[in-house]
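Here the structure comes first, spelled out in structure tokens, and everything after it is commentary.
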Amino acid sequence: MKKPFIISSAITLSVLLSGCNQDKEKDETKKTQTEQHEQKKEENSTHDHEHDHKHDHKHDHDHGHHMSDADKKVYEGYFDDSAVKDRKLTDWEGSWQSVYPFLKDGTLDEVFEHKAEDQKKTAEEVKSYYTTGYKTDVSHIKIGEKEITFTQNGEKHKGEYEYDGKEILTYEKGNRGVRYIFKRVSGDDKAPKFIQFSDHIIAPERALHFHIYMGDDRAELLKELENWPTYYPDDLSANDVKEEMLAH
């Protein structure tokens with residue numbers, strides 16, 4: 001009489017174990033699917049972030065190619081005094097590279113040829129003018145909320161700067177420009193005491209490129225009109241810079 005009970009118990013145990021194994025397999029399968037789903041979501045999120053970053057970054061550089069008529073007038077130096085507003089150092093925040101090396105290696109020759117056609121001059125005359133303008137030994141400038149680091153002949157000089165006002169200059173042919181001035185209040189003595197930005201913008205707005213005047217005499221810098229070292233974002237290639245210039 002005991003044998004059927006033993007067999008029945010064995011069968012019941014077997015069924016229970018089988019059910020447990022199946023449940024375990026289902027749980028593991030579900031867990032694996034969940035992990036795969038989460039991983040895919042993370043990958044998609046990363047891709048979306050990278051895409052948005054690249055899109056926004058590209059949009060920043062493309063912005064200057066689609067100026068309104070009013071923006072073009074300002075860019076060319078025609079504006080009312082009332083339109084000129086104060087700006088913060090963060091308008092120029094970022095890492096910037098000098099375009100002077102691109103002039104020296106011939107990358108920008110096409111730009112000068114294009115300008116020569118517009119100005120009815122030779123390409124050599126135009127290149128000579130920009131050689132004087134772009135010439136600098138400061139290869140890179142990194143700008144933060146308050147601090148600026150200058151890489152000059154391979155050495156870094158850092159200073160903390162504060163806003164020192166703006167000046168409107170009238171040029172020989174009648175157009176005008178605005179110099180935004182910042183004064184060094186602490187930091188390395190080799191960092192310029194004054195810097196003056198000129199970027200064809202006259203109110204708070206992120207700069208796409210800029211000309212800069214660097215020195216220790218505020219008034220004398222305002223008189224400087226021939227040498228205006230020019231900087232574009234550090235992540236642009238030489239060809240990118242050329243295309244940016246041709247677009248203007």
Given side chain to side chain contact (heavy atoms under 4.5 Å, CB included), test Phe210 with Trp96 step by step and report yes or no. CA-CA 9 Å; Phe210 60 83; Trp96 305 85; 3.3 Å; yes
Checking side chain to side chain contact (heavy atoms under 4.5 Å, CB included) for the pair Lys88/Glu93: CA distance, chi angles, key distance, verdict? CA-CA 9 Å; Lys88 295 181 179 180; Glu93 189 171 7; over 6 Å; no
Could you walk me through whether Arg184 and Asp164 satisfy the salt bridge (Lys or Arg N to Asp or Glu O under 4.0 Å) test, starting with their C-alpha distance in whole Å, then the side-chain angles of each, then the deciding distance to 0.1 Å, before giving a yes or no? CA-CA 10 Å; Arg184 174 168 53 81; Asp164 195 47; over 6 Å; no
Let me see the working for Thr122 and Glu125 under side chain to side chain contact (heavy atoms under 4.5 Å, CB included), right down to the final yes or no. CA-CA 5 Å; Thr122 67; Glu125 287 174 321; 3.1 Å; yes
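Counting only distance, with no hydrogens or angles, the side chain of Thr151 and the backbone of Gly154 share no donor-acceptor pair below 3.5 Å. Remark: the backbone N or O of Ser139 is not paired with any side-chain donor or acceptor of Gln152 at under 3.5 angstrom. Side-chain atoms of Asp217 come within 3.5 Å of backbone atoms of Ala219 as a donor-acceptor pair (strictly under, hydrogens ignored). Of the possible donor and acceptor atoms, one in the side chain of Asn175 sits under 3.5 Å from a partner among the backbone N and O of Glu76.
The side-chain contact (heavy atoms from CB on, under 4.5 Å) search around Ser128 returns none, not counting sequence neighbours. By the salt bridge (Lys or Arg N to Asp or Glu O under 4.0 Å) test, Glu110 pairs with Lys242, sequence neighbours left out. For Lys104, the side-chain contact (heavy atoms from CB on, under 4.5 Å) partners two or more places apart in sequence, or in a different chain, are Tyr100. Residues satisfying the side-chain contact (heavy atoms from CB on, under 4.5 Å) criterion with Glu117, sequence neighbours excluded, are absent altogether. For Arg206, the salt bridge (Lys or Arg N to Asp or Glu O under 4.0 Å) test picks out no residue, with sequence neighbours left out. Not counting sequence neighbours, Asp69 has no partner by the salt bridge (Lys or Arg N to Asp or Glu O under 4.0 Å) test. Looking at residues two or more places apart in sequence or on another chain, you find a side-chain contact (heavy atoms from CB on, under 4.5 Å) between Gln119 and Lys115, Lys121, Val126. For the salt bridge (Lys or Arg N to Asp or Glu O under 4.0 Å) test, residues two or more places apart in sequence or in another chain that qualify with Glu147 are Lys158. Remark: Tyr213 pairs with no residue by the ring-ring contact (aromatic ring centres under 6.0 Å, His included) rule, at least two apart or across chains.
Here the closest heavy-atom approach between residue Ala191 and residue Gly159 is recorded as CB-N, 4.3 Å. Summarising the geometry of Pro192 relative to Gly215, their closest heavy-atom pair is CB-N, 3.8 Å, with the distance given to 0.1 Å. Of all heavy-atom pairs spanning Gly174 and Tyr78, the tightest one is O-CE2, 4.2 Å. Considering all non-hydrogen atoms of both residues, Ala83 and Ala203 come closest at O-CB, 4.2 Å. Residues Lys142 and Ser95 approach most closely at CG-OG, 3.8 Å, considering heavy atoms.
How far CD1 of Ile181 is from CG of Leu221: 8.5 Å, rounded to the nearest 0.5 Å. Residue Tyr180 holds its OH atom at 13.5 Å from CG of Leu89, rounded to the nearest 0.5 Å. Here the OH atom belonging to Tyr231 is positioned 13.0 Å from the NE2 atom belonging to His209, to the nearest 0.5 angstrom. For the atom pair Lys156 NZ and Ile141 CD1, the distance stands at 11.5 Å (nearest 0.5 Å). With rounding to the nearest 0.5 Å, the separation of OG in Ser186 from CD in Glu160 is 4.0 Å. Separation of atoms OG (Ser68) and NZ (Lys73) is listed at 10.5 Å; rounding is to 0.5 Å.
Sorted by first and then second residue, the salt bridge (charged side-chain N to carboxylate O under 4.0 Å, His left out) pairs involving residues 126-141 (not counting sequence neighbours) are Asp109-Lys127. Applying the ring-ring contact (aromatic ring centres under 6.0 Å, His included) test to residues at least two apart or on different chains, the pairs with a partner in residues 138-168 are Tyr163-Phe182.
Contact check for Val99 versus Met245: side-chain heavy atoms found under the 4.5 Å cut-off. Between Asp71 and His200 there is no side-chain heavy-atom pair separated by less than 4.5 Å. Using a 4.5 Å heavy-atom cutoff, the side chains of Phe79 and Val178 are in contact.
Aromatic rings of Trp228 and Tyr134 (six-membered ring for Trp) have centroids within the 6.0 Å cut-off, being under it.
Between the side chains of His211 and Thr230, a donor-acceptor pair is found at a separation under 3.5 Å. There is a side-chain donor-acceptor pair under 3.5 Å between Thr107 and Asp105.
We find that Asp216 and Lys183 are not joined by a salt bridge, their nearest charged nitrogen and carboxylate oxygen being 4.0 Å or further apart. Of the charged side-chain nitrogens involved, at least one lies within less than 4.0 Å of a carboxylate oxygen, so that Arg87 and Asp199 count as a salt-bridged pair. Salt-bridge annotation for Lys223 and Glu220: present, with a side-chain N of the basic residue lying under 4.0 Å from a carboxylate O of the acidic one.
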What donor-acceptor contacts under 3.5 angstrom involve side-chain atoms of residues 166-173, with partners at least two apart or in another chain?
unit_1 : atom_1 : unit_2 : atom_2 : d
Lys166 : NZ     : Asp86  : OD1    : 2.7
Glu167 : OE2    : Arg218 : NH1    : 3.2

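By the criterion of side-chain heavy atoms lying less than 4.5 angstrom apart, applied directly or through intervening Ile, Leu, Val, Met, Phe, Trp or Tyr residues, Val185 is not grouped with Ile195; the two fall into different hydrophobic clusters. Cluster membership for Leu222 and Ile212, using ILVMFWY side-chain heavy atoms within less than 4.5 angstrom, is not shared. Side-chain heavy atoms closer than 4.5 Å link hydrophobic residues (I, L, V, M, F, W, Y) into clusters, and following such links, even through other members, never connects Tyr75 to Ile202. Using a 4.5 Å cut-off between side-chain heavy atoms of Ile, Leu, Val, Met, Phe, Trp and Tyr, with links allowed through other members, Tyr129 and Leu108 fall into the same hydrophobic cluster. Put simply, Phe194 and Met214 are part of two different groups of oily side chains (I, L, V, M, F, W, Y) that touch within less than 4.5 Å, one to the next.
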